[in-house]
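Keep in mind the model is a prediction, meaning the values are calculated, not measured. Each chain gets a letter, A, B and so on, in the order its sequence line appears, and its residues count up from 1.
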Number of protein chains: 2
Amino acid sequence: MSSELDNEQELPQQHAVTIHDVARAAGVTIGTVSKALNGQGKLKEETRERVRAVALRLGFRPNDLAQSLLRGRSFTVGLITTDSYGRFSIPLMSGIEDALGSAQISVFLCDARDDAVREQQHINSLLAKRVDGIIVTGRRIDARVPIDVGNTNTPVLYAYAQVKEADALCLLPDEAQGARIATEHLLAHGRRRLAHITGPSYFEAVQLRQEAMRQVLKEHGLDLPGHRALAGPWQEAWGHRAVGFLLEMDPGIDGIFCGSDQIARGVVDALRERGVKVPADVAVVGFDNWEIIAAATRPALTTVDMNLHELGRIAGTRLLAMIAGEKASGIIRLPCSLIVRDSCGVHTLGTAERRKEDQGD
Amino acid sequence: MSSELDNEQELPQQHAVTIHDVARAAGVTIGTVSKALNGQGKLKEETRERVRAVALRLGFRPNDLAQSLLRGRSFTVGLITTDSYGRFSIPLMSGIEDALGSAQISVFLCDARDDAVREQQHINSLLAKRVDGIIVTGRRIDARVPIDVGNTNTPVLYAYAQVKEADALCLLPDEAQGARIATEHLLAHGRRRLAHITGPSYFEAVQLRQEAMRQVLKEHGLDLPGHRALAGPWQEAWGHRAVGFLLEMDPGIDGIFCGSDQIARGVVDALRERGVKVPADVAVVGFDNWEIIAAATRPALTTVDMNLHELGRIAGTRLLAMIAGEKASGIIRLPCSLIVRDSCGVHTLGTAERRKEDQGD
DNA sequence: TTGTACGCGTTATCAG
DNA sequence: CTGATAACGCGTACAA
């Protein structure tokens with residue numbers, strides 16, 4: 001074993017191997033190495049091969065910092081989550097990373113913990129690192145204040161977050177459409193006396209959904225009286241309690257649209273405990289498609305999926321376009337889907353046809 | 001409004017403002033600017049102030065890329081999650097970011113989706129970006145294969161992940177200790193006929209916990225016969241089903257230690273449906289302290305918390321130390337805590353004293 | 001076909 | 001006290 005081999009394999013080089021090292025080892029200059037490795041210019045094939053071999057042998061990795069400095073682009077973007085990442089962030093982040101990853105872009109993760117100064121620190125850090133763009137995410141009750149990127153004209157996109165500035169681009173789930181398909185599903189299953197058990201009414205999402213539900217009912221000549229629209233905390237226990245109020249005031253209810261799967265679970269459990277059959281007597285639709293809850297509920301929840309992974313993917317794609325120079329602004333609402341399980345009966349064809357639900361556990 | 005002001009406020013400069021711009025505007029050279037802004041060298045206070053003012057006015061932000069290139073340190077680390085981020089990743093990531101954030105270090109998020117080539121791409125990208133260190137995370141059934149950082153001597157730390165290499169540093173929750181405190185808690189509440197309902201036995205965590213539980217029981221002159229240790233899928237439905245098997249074979253059970261809060265929830269629900277009182281007749285302890293499940297269960301679950309946020313924090317801190325030059329290796333197990341709620345009775349003093357549980361809903 | 005030299009934005013070391 | 005200049009690692013016109 002020659003000492004040369006020792007150097008290569010055993011001594012972890014203190015300073016990472018640079019293009020100069022490769023040039024020296026290959027007996028050429030750095031210009032030649034660069035051309036050989038990037039397939040630029042005109043080189044003798046033999047030289048190119050030799051340089052490549054040496055680079056490989058030395059484990060040469062081009063320094064992205066130097067490249068970024070030169071190109072004026074870092075191929076990184078910042079991802080800011082305002083409320084520390086709740087469960088909604090997971091599909092969202094995963095979708096964003098999907099889109100960005102396939103464009104060879106790395107993502108800086110910043111958790112602002114809902115703290116303004118902390119957030120600004122993160123932003124400053126991102127700008128100092130010359131990120132190509134920033135995605136801001138994190139559901140809030142009302143529109144948040146836009147982030148301040150100073151004079152940097154760094155593209156910013158809000159995903160599952162909203163600001164009032166007209167020139168900002170916000171991607172949001174279409175809450176109204178989500179409520180609409182849920183309500184229509186209940187109606188399609190022949191339910192006519194519907195109720196809504198949901199979260200605090202100061203959430204914009206709550207208002208949008210309730211409004212949409214009311215609208216759909218109206219289109220069918222039905223209504224949603226106040227005592228059938230119950231707002232409370234986003235908790236399973238609230239769903240459980242609300243069923244008590246509801247049945248006491250209006251025992252004829254035959255369908256309930258819930259503002260979250262957690263609430264829906266509380267609702268379904270409470271109904272079962274009272275001997276009310278789901279979906280035979282009362283059909284239930286949830287919201288969020290939080291699998292771990294929706295699938296564990298008995299019967300499994302039919303629920304609205306906000307398609308947050310897809311929303312994230314689109315956010316990433318749109319940001320790439322903005323980085324490429326596209327101007328974009330406004331609020332874009334992306335459609336929700338209905339995930340049909342068992343809590344509403346299984347059949348979804350037509351409006352009248354009904355079939356006995358076969359409850360597989 | 002002068003045209004100067006126009007330039008500053010309305011025209012978003014195409015190229016970010018550099019130290020040269022500041023120097024020119026302040027009528028000094030870049031060296032002076034650097035010193036003024038970094039508090040280095042000896043400068044007339046008036047000059048320093050003037051330069052600072054100009055820098056602020058121009059919105060100058062030092063380019064971290066250039067600094068990193070020069071210093072040979074990027075002040076970034078990579079975070080690789082192997083299994084796409086499950087719910088365990090959230091407290092973990094948050095803890096890691098806590099520790100790293102307070103050291104002014106930014107985090108690259110990489111989701112490997114449990115795909116080896118994707119993972120290696122991410123690693124190559126991180127190395128090209130000259131990250132100062134890498135944290136690998138993501139629970140797996142068995143030890144994973146170590147990541148390949150080539151010849152870069154980049155510090156690597158495994159958090160909530162495990163490799164067999166002896167010179168790697170792995171941070172893991174102390175599963176055995178977690179099982180021990182759960183079991184001892186049940187015993188302290190006077191339970192003597194304990195059962196264990198948990199996940200698939202090919203998980204190392206499952207084996208470690210079961211072994212520990214058995215050990216504790218042995219120390220108290222008790223045992224855990226095979227028919228009281230039930231392994232199944234990590235699902236609520238499994239807990240629900242398992243209760244049936246258990247009670248059929250051994251109706252005298254007075255305490256159940258569950259492998260997850262989801263399983264525990266299934267267990268508690270099944271017990272209630274059978275008219276078995278929790279905790280009066282049977283006490284239940286869960287695992288994970290997954291608040292949303294544990295708190296929604298009636299009665300709320302007493303459960304083991306793996307302290308993953310703290311584990312993440314420590315991971316971040318240790319990585320910083322490694323970046324600073326500290327050599328570290330081996331497996332470090334961090335203690336779990338018991339979160340006492342209602343599913344086991346409320347009193348935890350002494351071993352015999354018991355009090356009527358007051359079930360607040 | 002290959003080598004040279006400049007610039008990207010900083011910091012730090014010397015002169016002045 | 002301040003100004004000029006050399007790095008850091010790379011890509012690329014331009015010269016040889």
Considering the terminal five base pairs at each end of the helix from dT1(C)-dA16(D) to dG16(C)-dC1(D), what angle separates the two local helix axes, rounded to 10°? 60°
Distance, nearest 0.5 Å, that separates CG of Leu37(B) from CD1 of Ile19(B): 7.0 Å
A correct 5'-to-3' footprint of nucleotides 8-16 of chain D, with B, S and - meaning base, sugar-phosphate only and no protein heavy atom under 4.0 Å, is BBBBBB---
In this structure, how many angstroms lie between the P atom of dG3(C) and the CZ atom of Arg24(A), rounded? 14 Å
Kindly assign one of parallel, tilted or perpendicular to the pair Phe108(A) and Phe108(B), based on the angle between their ring planes and the thresholds 30° and 60°. parallel
Side chains of Gln67(A) and Asn63(A), donor plus acceptor under 3.5 Å: no
Classify the side-chain pair Ser106(B)/Ser125(A) by whether it contains a donor and acceptor separated by less than 3.5 Å. yes
For Thr47(B), which contact category applies under a 4.0 Å heavy-atom criterion: base, sugar-phosphate, or nothing? sugar-phosphate
Taking the side chain as everything from C-beta on, heavy atoms only, tell me whether Lys129(B) gets closer than 4.5 Å to Thr76(B). no
Backbone of Asp111(A) reached by a side-chain donor or acceptor of Arg118(A) within 3.5 Å: yes
Pair Asp132(A) + Arg73(A): basic N to acidic O under 4.0 Å: yes
Rounded distance (Å) that lies between atom C1' of dC8(C) and atom CG of Asp21(B): 13 Å
For Tyr158(A), the ring-ring contact (aromatic ring centres under 6.0 Å, His included) test, sequence neighbours excluded, returns none
